[in-house]
Amino acid sequence: MARKKLIKNGVIVTASDRYEADILIEGETISAIGHNLPDGDAEVIDAKGCYVFPGAIDPHTHLDMPFGGTVTKDDFESGTMAAAFGGTTSIIDFCLTEKGKPLKDAIQTWHNKSKDKSVIDYSFHLMIGEINERVLSELPAVIQEEGISSLKVFMAYKNVFQADDETLFRTLIAAKDLGALVMVHAENGDVIDYLTKEALKNGNTDPVYHALTRPPEVEGEATGRAAQLTSLAKSQLYVVHVSCAEAVEKIAEARNKGVDIWGETCPQYLALDQSHLELPDFEGAKYVWSPPLREKWHQEVLWNALKSGQLQTLGSDQCSFDFNGQKSLGKGDFTKIPNGGPMIEDRVSILFSEGVMKGRITINQFVDIVSTRVAKLFGMFPKKGTISVGADADLVLFDPNKERILSAATHHMAVDYNAFEGMKITGEPVSVMVRGEFVVRDRQFVGKAGSGQYIKREKYGTMKKLKQNETQPI
Ligand SMILES: NC(=O)NCCC(=O)O
Ligand SMILES: [Zn+2]
Ligand SMILES: [Zn+2]
């Protein structure tokens with residue numbers, strides 16, 4: 001068994017508390033938390049000047065994913081290594097399925113992509129593109145045996161991933177009975193398809209037309225529709241990558257009526273805006289993802305929604321493509337630019353710097369948004385998502401005073417640009433531990449490909465104390 005570790009002199013921060021105490025780690029888990037714990041034969045780790053956070057959990061990644069005529073640049077090795085440098089100790093990646101093919105084959109493909117590669121712990125959501133007797137008969141095993149308690153339905157990407165309303169509705173009904181959380185990419189794919197064809201017909205081919213053909217109304221409409229269907233099915237819904245006021249409004253409205261609905265935003269929507277798509281020399285292509293970046297005023301709406309609890313989580317939507325060679329597939333036709341951006345590494349630091357340091361959210365809300373709430377919603381709490389005796393020792397030693405500049409020159413993702421290039425931020429994950437073993441120590445990678453473990457998750461709703469109107473400690 002690994003030598004015991006004792007973290008001393010740090011300030012522990014959870015979703016509810018902030019206090020000075022030592023943490024004793026034995027094997028993979030936390031065995032004691034207290035003042036002046038005896039060293040014994042433990043290795044002592046000095047966390048002076050650092051916060052000790054529970055490892056962050058990224059609920060939304062696409063690693064090694066075929067999309068837009070190419071494959072994402074970051075795979076489970078480079079992507080999880082970059083995640084670890086950013087303070088993330090677990091991810092949930094989207095497993096794509098193909099119509100007419102067994103769900104278990106898709107899951108096996110995702111196990112093959114991640115096993116022997118991931119340096120942090122990982123789990124999968126499962127895409128549902130069709131509902132029929134075969135799919136329905138496979139779902140109980142997906143949830144119970146594979147521990148995949150979240151199902152993803154795309155309302156956009158016509159003729160690629162898009163599912164119709166019947167599929168969404170039947171998925172919601174099945175999920176209610178089986179104990180799964182339904183996730184939606186909420187944009188009206190049919191309207192986008194029409195607007196896109198019109199744009200091309202009129203010779204509008206630049207990257208900015210990606211945003212102009214996917215206006216906020218198409219996101220608001222789809223979010224509202226998904227919320228209504230959830231209400232009708234008496235089921236549960238998680239809306240991924242919320243980017244605009246129109247969608248926040250629909251989520252808040254449904255929550256106020258008691259619908260079991262949750263919303264995730266992403267760092268790109270909090271820190272970047274539509275003007276990035278207008279950059280010259282095709283550079284706007286770096287910022288093409290869906291939903292698109294919005295006018296700047298939407299950012300404050302998203303921050304307020306995180307603060308008030310109308311949005312609850314932050315996903316990276318990591319889906320990286322090189323600018324050279326991959327994004328360039330769309331030169332002269334914005335519809336051929338692979339959709340997605342590199343976000344896995346900077347997600348946590350951006351929320352800390354732009355959120356906590358600028359007084360938009362509290363430090364406890366920060367922990368809740370990047371870790372605890374995700375663990376609760378996706379069936380991993382209290383093993384993951386908090387610092388408590390018996391929990392996995394997934395820990396981040398975070399220096400809140402370190403000032404730095406985000407850049408492709410220093411990031412660890414495999415992709416050739418950083419979407420936040422030149423952005424000054426405050427705060428840095430110094431050392432990161434997964435189940436008691438360092439993956440990053442003093443900003444050096446000390447982990448191993450394949451050391452990450454697959455997480456079988458509990459059914460949705462296992463955490464009985466998760467109440468619709470639960471307010472967060474401020
Ligand atoms: N977001 C994006 O543009 N790419 C990844 C796939 C998705 O989440 O829609
Ligand atoms: Zn999406
Ligand atoms: Zn995504």
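As the structure lists them, so they are numbered: ligands from 1, and atoms in each ligand from 1. Owing to the predicted nature of the structure, the values given are computational and were not obtained by experimental measurement.
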Give the atoms of ligand 1, by number and element, whose distance to some non-hydrogen atom of [X] is under 4.0 Å.
| X | value |
| --- | --- |
| H60 | 8 (O) |
| H241 | 8 (O), 9 (O) |
| W289 | 3 (O) |
| C319 | 4 (N), 5 (C) |
| H62 | 5 (C), 6 (C), 7 (C), 8 (O) |

- Task: Please examine the side chains of D260 and Y460, heavy atoms only from C-beta on, and report whether any two atoms are closer than 4.5 Å.
- Result: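 Y460 vs D260: side chains touch.
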
- Query: Do V239 and V242 come within less than 4.5 Å of each other through their side chains, counting heavy atoms only?
  - Reply: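 Result yes, sub-4.5 Å side-chain heavy-atom pair found.
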
So which heavy atom in the protein is nearest [atom], and how far is it from that ligand atom?
| atom | answer |
| --- | --- |
| atom 4 (N) of ligand 1 | N339 O, 3.1 Å |
| atom 1 (N) of ligand 1 | D317 OD2, 2.6 Å |
| atom 3 (O) of ligand 1 | S290 N, 2.8 Å |

- Query: Is the closest heavy atom of F161 to ligand 1 under 4.0 Å?
  - Reply: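 No, F161 has no heavy atoms under 4.0 Å from ligand 1.
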
- Item | Proximity flag F94 to ligand 1, non-hydrogen atoms under 4.0 Å |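 Flag not set, F94 not near ligand 1.
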
- Just the protein N/O/S atoms under 2.8 Å from the Zn ion (ligand 3), please, no waters.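 Listed by chain and number: H60 NE2, H62 NE2, D317 OD1.
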
- Query: Does one side chain, of T89 or R435, offer a donor that lies under 3.5 Å from an acceptor on the other?
  - Reply: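 No - no donor-acceptor pair under 3.5 Å links their side chains.
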
- Item | Any side-chain donor near an acceptor of the partner, E278 and H276, under 3.5 Å |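 Distance-only check fails for E278 and H276.
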
- Worked verdict on I425 versus R404 for side chain to side chain contact (heavy atoms under 4.5 Å, CB included): CA-CA 6 Å; I425 63 163; R404 60 199 175 105; 3.5 Å; yes

Do [Y] and [X] have ring centroids that are under 6.0 Å from one another?
| X | Y | value |
| --- | --- | --- |
| H412 | F445 | no |
| F398 | F352 | yes |
| F161 | F67 | yes |

- Run the salt-bridge test on E146 and K104 with the 4.0 Å N-O cut-off and return the result as yes or no.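 Here E146 does not pair with K104 in a salt bridge, since their nearest N and O are not under 4.0 Å apart.
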
- Item | Any residue meeting side chain to side chain donor-acceptor pair (under 3.5 Å) with K158, in chain and number order, not counting sequence neighbours |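 Expected list: D190.
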
